[in-house]
Amino acid sequence: MQYWLFKSETSTWSWDQQVAKGDAGEEWDGVRNYQARNFMRQMKVGDQGFFYHSQKERAIVGIVEVIAESHPDSTTDDARWDCVDIKAIKPVKTPVTLDEIKADPRLSEMVLVRNSRLSVQPVTADEWRIICEMAGVSV
DNA sequence: GCCAACGTTGGC
DNA sequence: GCCAACGTTGGC
């Protein structure tokens with residue numbers, strides 16, 4: 001069981017849109033970055049992830065689960081790009097902002113802090129637990 | 001809206 | 001295979 005973080009601009013794909021898809025979920029498509037793609041290729045059904053809104057909001061707003069392992073991205077014919085499908089599990093009680101994450105020394109090694117441009121990234125079990133606590137979500 | 005950081009592309 | 005030029009992302 002691995003943990004991940006999915007980043008999206010609200011104007012491109014928001015948490016509300018993800019929730020609206022329900023249990024059917026949706027492709028996490030449009031990723032055109034090798035590192036991000038490689039992480040998606042490692043994902044297994046049942047892995048969980050944070051849903052993070054970048055740009056204006058800059059906060060973790062929900063929990064998602066991987067429901068289909070990597071397959072070709074339907075938004076391109078380019079065989080290089082794969083993606084997974086995810087569904088919304090539940091919103092967080094309290095959004096955890098980037099400022100709060102940066103302020104916590106235990107989270108200083110997070111990819112979100114160290115490489116802010118990577119849109120799909122791994123989260124360690126410790127980081128997962130700490131952020132769930134901050135978010136008021138039971139693990 | 002700006003710009004730093006980073007990734008990708010393509011000429012050589 | 002190097003690296004300059006360019007494009008994109010995302011925090012500020």
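Below, chain A is the first sequence line, B the second, and so on; all start at residue 1.
One can place CD of Gln55(A) at 12 Å from C1' of dG1(B), the figure rounded to the nearest angstrom. When rounded to the nearest whole Å, the span between CD of Glu9(A) and P of dT8(C) equals 13 Å. Following rounding to the nearest Å, Trp13(A) (CH2) and dG10(C) (C1') show an atom-to-atom distance of 21 Å. For Leu5(A) and dG10(C), the CG to C1' distance is 14 Å, given to the nearest whole Å. Remark: C1' of dC6(B) and CG of Leu118(A) are 11 Å apart, rounded to the nearest angstrom. Distance Asn33(A) CG to dA5(B) P: 18 Å, rounded to the nearest Å. For the pair Arg32(A) CZ and dT8(C) P, the computed distance is 13 Å after rounding to whole Å. As rounded to whole Å, 11 Å separates atom P of dG11(C) from atom CG of Asn115(A).
Side-chain N or O atoms of Arg37(A) include one that pairs as donor or acceptor with a backbone N or O of Arg80(A) at under 3.5 Å.
For Arg117(A), the listed nucleotide lying nearest its side chain is dC6(B); candidates were dT9(B), dG11(C), dC6(B).
Outside the 6.0 Å centre-distance limit, the rings of Trp13(A) and Phe51(A) are not counted as a close aromatic pair.
Regarding contacts with the backbone of dG11(C), a side-chain N or O of Tyr52(A) is found under 4.0 angstrom from either OP1 or OP2. For dG7(B), the OP1/OP2 oxygens have a side-chain nitrogen or oxygen of Gln35(A) closer than 4.0 Å.
Between Phe50(A) and Trp128(A), the ring planes are parallel. Angles under 30° get that label, and only those over 60° would be called perpendicular.
Contacts of Lys102(A) with the nucleic acid, taken as non-hydrogen atoms under 4.0 Å apart, involve only primed sugar atoms and P, OP1 or OP2.
Around CG of Asp78(A), the count of heavy atoms belonging to other residues, nucleotides or ligands within 6.0 Å exceeds 12.
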